[in-house]
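Sequence lines set the chain letters: A, B, ... in the order given, protein chains first and strands last, and positions in each chain run from 1.
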2 protein chains.
Amino acid sequence: MQTTSIGALSSETGVKIPTIRYYESIGLLDAANRSASNRRLYGPDDTRRLRFIRHARELGFEVEAIRQLLALTGDQARPCADADAIATAHLADINHKIARLSALREEVARMIAEDCHGTISECRILEALAGPCDRHHTL
Amino acid sequence: MQTTSIGALSSETGVKIPTIRYYESIGLLDAANRSASNRRLYGPDDTRRLRFIRHARELGFEVEAIRQLLALTGDQARPCADADAIATAHLADINHKIARLSALREEVARMIAEDCHGTISECRILEALAGPCDRHHTL
DNA sequence: GCTTGCTCCTCTAGTCGCTAGAGGATGTAG
DNA sequence: CTACATCCTCTAGCGACTAGAGGAGCAAGC
């Protein structure tokens, strides 16, 4: 049942070959069965699992969180409040990041808007980065 | 004129001591003068420069961008269009990150809203992560 | 059968921006 | 004089990969 090479798995899932090997090395993927010539062989289950991992990574879940989610799938009877908790914590984290980036955008945009009049010595961007108390000094 | 220890510089600027040494090692800060007993000594210029670096890092500028900004400050006559270009590129990057995180937030929020009814085997979160074509299989 | 070129293997080291720790020297206060 | 704080250098670790060396195997064309 295991006929897929690592290269085929890679193009099926969009995960690079070294990354697949890396996932194996950290235990996110089980060690693959090997062919007679020691090449890794994969089956459909591996494709699904790797797609799950990739998708979760794209959504910004950390490897540790993915490990937990995968562990949950091993226990069909367990209440999925656990998965919910992981996702909810992740959502809070996302909101936090967005808030910080938005504040940052304001600041950088303001910096650019107040731009300069020709030379570095008058540049508002560098002044803005130097901080409120340190204008007109050398860096 | 150079009387400040690394510890004092650290508490003045909020940059941790190992980080200051690290900045020196990568050339963001010049190698500090040393006391008779080989301790680093800093003056007000270092404090300003380090504050600039810290502020720019907090704003998410990468070390390489900061290096460029600092290089600009060395040439007072140069048009600050360069600084503007760096900041503008950074702003575009921030906007891109915000857009991606917002899309992500939608997806994770939807995932959570469609939550489960008791057990893992029915959990929408895990299904959502498995992707559109891979529901109801083992991972 | 042989060569060419692709894929695969393992292993090590590099990326970024720090952070932590070992092990030792020096400075300061009581 | 004894603590203890602060400093020094050096090495290794973090997360999540990525890149490269050096070698083996495999499939296709001649």
Inset, instruction - Among D:dT18, C:dC8, C:dT26, find the nucleotide with the atom closest to the side chain of A:Ser5. - result: C:dC8
Inset, instruction - Write down the distance between CZ (A:Arg54) and C1' (D:dA16), rounded to a whole number of angstrom. - result: 16 Å
Legend entry - For atom CG of A:Leu50 and atom P of D:dC17, their distance in whole Å: 11 Å
Inset, instruction - Nearest-nucleotide wise, let me know which of A:Pro18 and B:Ala8 is further upstream toward the 5' end of DNA chain D. - result: B:Ala8
Inset, instruction - Verify the distance criterion only: is there a donor paired with an acceptor across the side chains of A:Asn95 and B:Arg105 at less than 3.5 Å? - result: yes
Inset, instruction - Mind calculating the distance between CG (B:Leu29) and P (C:dC18) to the nearest angstrom? - result: 12 Å
Legend entry - Nearest-nucleotide comparison on DNA chain D, the residue closer to the 5′ end among A:Tyr23 and A:Arg39: A:Tyr23
Legend entry - Closest listed nucleotide, where the reference is the side chain of B:Arg57 and the choices are D:dT18, D:dT9, C:dC18: C:dC18
Inset, instruction - Could you please name the option among C:dC9, D:dG25, D:dA16 that lies closest to any side-chain atom of A:Val63? - result: D:dA16
Inset, instruction - Send over the distance from A:Asn38 CG to D:dG25 C1', rounded to a whole Å. - result: 11 Å
Legend entry - Residues A:Arg48 and A:Asp45 bridged, charged N to O under 4.0 Å: yes
Legend entry - Interatomic distance, B:Glu24 CD vs C:dC18 P [rounded to whole Å]: 15 Å
Legend entry - Residues, nucleotides or ligands: over 12 heavy atoms within 6.0 Å of A:Glu62 CD: no
Legend entry - B:Tyr22 OH - D:dT11 P separation (whole Å): 17 Å
Legend entry - Minimum-distance nucleotide to A:Ile17 side chain [options: D:dT9, C:dG27, C:dC8]: C:dC8
Legend entry - Residue A:Arg21, side-chain atoms from C-beta onward, closest of C:dC9, C:dC8, D:dT9: C:dC9
Legend entry - Nearest listed nucleotide, side chain of A:Glu62, among D:dC7, C:dT19, D:dA16: D:dA16
Inset, instruction - Compare every heavy atom of A:Ile17 with every heavy atom of A:Gly7, then report the nearest pair and how far apart it is. - result: CA-CD1, 3.8 Å
Inset, instruction - Indicate yes or no: does B:Glu64 engage B:Arg67 in a salt bridge with an N to O separation below 4.0 Å. - result: yes
Legend entry - Sugar-phosphate only, base, or nothing, as touched by B:Ile26 at under 4.0 Å among non-hydrogen atoms: nothing
